[in-house]
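Notes follow once the structure below has been shown.
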Amino acid sequence: MQPFELRASRKIIGMAHFPPLPGAPLYDERGGVGAIGDWVERDVEALASGGVDAIMFCNEGDRPYLVRARPETIATMAAVIAGVTKGLRLPFGVDVLWDPVAAIALAAATGASFVREVFTGAYPSDMGLWDTACGEALRYRRALGAGHIKLLFNIQAEFAGRFDTRPLGALARSVAFSSLADALCVSGPMTGQAVSLDDLRVVKAAVGDLPVVANTGVRPGNVAEILAVADAAVVGTALKADGVTWNPVDPERVKSFMRAARGQT
């Protein structure tokens with residue numbers, strides 16, 4: 001496990017999105033798990049050679065999403081991640097949409113340094129009524145002896161609304177206080193849509209030294225102003241060929257993005 005620190009670090013976390021996995025409606029049975037492994041390996045190589053600070057694996061292709069992961073999802077992700085991270089010298093994390101316990105299990109099994117998930121709140125969503133149980137998830141991490149795995153709390157669930165009517169700053173402060181988050185992620189309404197700078201400022205002001213991560217829609221044109229507020233950014237769509245979420249990572253886009261993130265011309 002590689003050390004992973006977000007506090008005031010301005011890190012860029014590049015996304016390695018899995019294609020649809022076995023059991024998902026869009027799974028490619030002809031290509032099978034081997035094709036998935038090849039796809040993810042190419043993305044990891046492009047991200048690492050392009051200079052990102054960390055990589056996050058996610059089953060983004062498993063539409064429509066579930067709020068309880070199936071065994072074949074976790075098993076396939078574990079097998080692929082174990083293969084593609086051999087020799088990887090970057091820290092990596094995992095996200096299993098949208099199941100915190102599954103993500104913690106996957107992180108523990110693969111040596112991941114962090115997990116990103118929606119750990120708190122209840123939501124009307126594209127997946128139906130979506131409830132969480134943060135206390136159960138953190139107790140599960142403790143039961144696995146995995147307290148070293150950092151938990152990044154997405155407090156603005158994508159593809160969902162909020163039943164909680166508290167202002168965003170009050171919500172962020174409450175989650176930081178009651179739920180033991182290692183960082184808070186601030187998102188736009190869905191994958192690839194820009195996070196609000198105002199939302200980032202509100203959350204950062206509310207939680208002080210706790211790291212705040214810009215979670216969606218970070219691009220070369222806005223990364224400088226976003227990192228002037230946020231401690232880190234998760235980047236997926238902007239690094240893909242033609243800027244399309246479902247395409248493979250484009251090595252030249254990664255290099256160009258990282259130059260922008262580092263303030264290089």
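Since we're looking at a predicted model, the values are computed, not measured.
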Listing, residues 158-169 side-chain donor-acceptor contacts under 3.5 Å, not counting sequence neighbours, or none:
residue	atom	partner	partner atom	Å
E158	OE1	T191	OG1	3.4
E158	OE2	N154	ND2	3.3
E158	OE2	N215	ND2	3.2
R162	NH1	D164	O	3.0
R162	NH1	R166	O	3.4
D164	OD1	R166	N	2.9
D164	OD1	R166	NE	3.0
D164	OD2	R166	NE	3.0
D164	OD2	R166	NH2	2.6
R166	NH1	S174	OG	3.1

Could you tabulate the donor-acceptor pairs under 3.5 Å formed by side-chain atoms of residues 23-42, not counting sequence neighbours?
residue	atom	partner	partner atom	Å
D28	OD1	R30	N	3.2
D28	OD1	G31	N	3.2
D28	OD2	G31	N	3.4
W39	NE1	D43	OD2	3.3

Would you be so kind as to tabulate the donor-acceptor pairs closer than 3.5 Å made by side chains of residues 135-144, with sequence neighbours excluded?
residue	atom	partner	partner atom	Å
R139	NH1	G135	O	3.2
R141	NH1	I149	O	2.7

Result block: side-chain N/O donor-acceptor pairs under 3.5 angstrom for residues 200-208, not counting sequence neighbours:
residue	atom	partner	partner atom	Å
R201	NH1	D198	OD1	3.2
K204	NZ	G208	O	3.3
K204	NZ	L210	O	3.3
K204	NZ	D231	OD2	2.7

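Applying the side chain to side chain contact (heavy atoms under 4.5 Å, CB included) criterion to A260, with sequence neighbours excluded, gives P220, V223. Scored by the side chain to side chain contact (heavy atoms under 4.5 Å, CB included) test, A194 finds R219, N222 as partners (sequence neighbours excluded). When the side-chain hydrogen bond (donor to acceptor under 3.5 Å, both in side chains) test is applied to R262, the partners found at least two apart in sequence or on another chain are D53. Residues satisfying the side-chain hydrogen bond (donor to acceptor under 3.5 Å, both in side chains) criterion with W130, sequence neighbours excluded, are absent altogether. For A48, the side chain to side chain contact (heavy atoms under 4.5 Å, CB included) partners two or more places apart in sequence, or in a different chain, are L88, L90. Qualifying side chain to side chain contact (heavy atoms under 4.5 Å, CB included) partners for A69, counting only residues two or more places apart in sequence or in other chains: I74, V96, D99, A102. With sequence neighbours excluded, no residue satisfies side-chain hydrogen bond (donor to acceptor under 3.5 Å, both in side chains) with E117. E72 is linked by a side-chain hydrogen bond (donor to acceptor under 3.5 Å, both in side chains) to R70, counting only residues two or more places apart in sequence or in another chain.
Listed here is the closest heavy atom pair of L152 and F119: O-CE1, 3.7 Å.
No cation-pi contact links R68 to W98, judged by a cut-off of 6.0 Å to the six-membered ring centre and 45° from its axis.
Here E60 contributes atom CD and H17 contributes atom NE2; the two are 4.0 Å apart, rounded to the nearest 0.5 Å.
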